[in-house]
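Working notes, structure below.
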Amino acid sequence: MIVLVTIAVSLSAIAFLGWVDPKRRRVDSADLSGQSIPKRVAIVVSCLPGVVLVALGEWPEFFLWTGSVSVAGWAFVVWLNAIEQSSQREN
(Lines give C-alpha, C1' and ligand atoms only; values in the text may rest on other atoms or scores of the structure.)
Protein backbone atom coordinates (compact mmCIF):
# COMPACT_ATOMS: atom_id res chain seq x y z
CA MET A 1 0.00 0.00 0.00
CA ILE A 2 2.82 2.40 0.80
CA VAL A 3 4.26 1.94 -2.69
CA LEU A 4 1.02 3.17 -4.29
CA VAL A 5 1.07 6.32 -2.17
CA THR A 6 4.71 7.02 -3.00
CA ILE A 7 4.09 6.49 -6.71
CA ALA A 8 1.09 8.83 -6.63
CA VAL A 9 3.06 11.55 -4.83
CA SER A 10 5.98 11.32 -7.24
CA LEU A 11 3.81 11.23 -10.34
CA SER A 12 1.82 14.26 -9.24
CA ALA A 13 5.08 16.20 -8.84
CA ILE A 14 6.33 14.96 -12.23
CA ALA A 15 3.02 15.99 -13.83
CA PHE A 16 3.40 19.45 -12.30
CA LEU A 17 6.93 19.71 -13.67
CA GLY A 18 5.71 18.68 -17.11
CA TRP A 19 2.98 21.30 -17.17
CA VAL A 20 5.26 24.14 -16.04
CA ASP A 21 8.07 23.28 -18.45
CA PRO A 22 9.59 26.61 -19.58
CA LYS A 23 9.83 25.56 -23.22
CA ARG A 24 6.18 24.54 -23.31
CA ARG A 25 5.10 27.75 -21.57
CA ARG A 26 7.26 29.88 -23.87
CA VAL A 27 5.52 28.37 -26.90
CA ASP A 28 2.14 29.10 -25.28
CA SER A 29 3.29 32.69 -24.52
CA ALA A 30 2.73 32.16 -20.81
CA ASP A 31 4.32 34.12 -18.00
CA LEU A 32 7.59 32.52 -16.85
CA SER A 33 8.23 34.66 -13.77
CA GLY A 34 8.28 33.22 -10.26
CA GLN A 35 8.77 29.65 -11.36
CA SER A 36 12.03 28.63 -9.74
CA ILE A 37 10.87 27.86 -6.19
CA PRO A 38 7.82 25.73 -7.13
CA LYS A 39 9.99 23.74 -9.55
CA ARG A 40 12.57 23.06 -6.85
CA VAL A 41 9.86 21.99 -4.41
CA ALA A 42 8.35 19.67 -7.04
CA ILE A 43 11.75 18.11 -7.72
CA VAL A 44 12.24 17.43 -4.00
CA VAL A 45 8.68 16.09 -3.67
CA SER A 46 9.17 13.76 -6.62
CA CYS A 47 12.33 12.25 -5.10
CA LEU A 48 11.35 12.28 -1.42
CA PRO A 49 9.18 9.11 -1.52
CA GLY A 50 12.18 7.11 -2.73
CA VAL A 51 14.30 8.45 0.10
CA VAL A 52 11.56 7.53 2.58
CA LEU A 53 11.33 3.99 1.21
CA VAL A 54 15.09 3.54 1.50
CA ALA A 55 15.11 4.98 5.02
CA LEU A 56 12.39 2.52 6.03
CA GLY A 57 14.31 -0.35 4.47
CA GLU A 58 11.48 -1.15 2.07
CA TRP A 59 13.73 -2.28 -0.76
CA PRO A 60 11.15 -4.18 -2.86
CA GLU A 61 8.82 -1.18 -2.68
CA PHE A 62 11.72 1.11 -3.59
CA PHE A 63 12.43 -0.86 -6.74
CA LEU A 64 8.72 -0.92 -7.63
CA TRP A 65 8.59 2.85 -7.06
CA THR A 66 11.68 3.45 -9.19
CA GLY A 67 10.39 1.42 -12.13
CA SER A 68 6.82 2.70 -11.95
CA VAL A 69 7.78 6.36 -11.71
CA SER A 70 10.30 6.01 -14.53
CA VAL A 71 7.87 4.35 -16.93
CA ALA A 72 4.89 6.53 -15.99
CA GLY A 73 6.99 9.70 -16.22
CA TRP A 74 8.22 8.68 -19.64
CA ALA A 75 4.66 7.92 -20.77
CA PHE A 76 3.49 11.30 -19.49
CA VAL A 77 6.19 13.14 -21.44
CA VAL A 78 5.32 11.19 -24.61
CA TRP A 79 1.66 12.10 -24.09
CA LEU A 80 2.51 15.80 -23.62
CA ASN A 81 4.60 15.69 -26.78
CA ALA A 82 1.72 14.13 -28.73
CA ILE A 83 -0.60 16.90 -27.53
CA GLU A 84 1.92 19.53 -28.57
CA GLN A 85 2.44 17.94 -31.98
CA SER A 86 -1.30 17.77 -32.65
CA SER A 87 -1.80 21.42 -31.64
CA GLN A 88 1.04 22.48 -33.96
CA ARG A 89 -0.54 20.60 -36.88
CA GLU A 90 -3.83 22.44 -36.31
CA ASN A 91 -2.10 25.83 -36.54
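None of the values given here were measured: they were computed from a predicted structure. Quick note: residue numbers are just sequence positions, from 1.
For the side chain to side chain contact (heavy atoms under 4.5 Å, CB included) criterion with T6, the lone passing option out of L53, L48, L11 is L53.
The CZ atom of F76 sits 9.5 Å away from atom CG of L17, with the distance rounded to the nearest 0.5 Å. Rounding to the nearest 0.5 angstrom, the gap separating the CD1 atom in I14 from the OG atom in S46 is 5.5 Å.
Between W65 and P49, the closest heavy-atom pair is NE1-CB, 3.8 Å. The shortest non-hydrogen separation linking S10 to V45 is OG-O, 4.4 Å. Across all non-hydrogen atoms, the minimal contact from E61 to I2 is CG-CG2, 4.2 Å.
Under the 4.5 Å side-chain contact rule for hydrophobic residues, V9 and L4 do not share a cluster. I7 and L56 end up in the same hydrophobic cluster when Ile, Leu, Val, Met, Phe, Trp and Tyr side chains are linked at under 4.5 Å. Put simply, V44 and V5 are part of two different groups of oily side chains (I, L, V, M, F, W, Y) that touch within less than 4.5 Å, one to the next. In this structure, V51 is not a member of the same hydrophobic cluster as I43, with clusters built from ILVMFWY side-chain heavy atoms closer than 4.5 Å.
Looking at residues two or more places apart in sequence or on another chain, you find no ring pair (Phe, Tyr, Trp, His ring centres under 6.0 Å) involving W74.
Counting heavy atoms from C-beta outward, F16 and P38 have side chains that approach closer than 4.5 Å.
Between W59 and F62, the ring-plane angle classifies as perpendicular under the 30° and 60° cut-offs.
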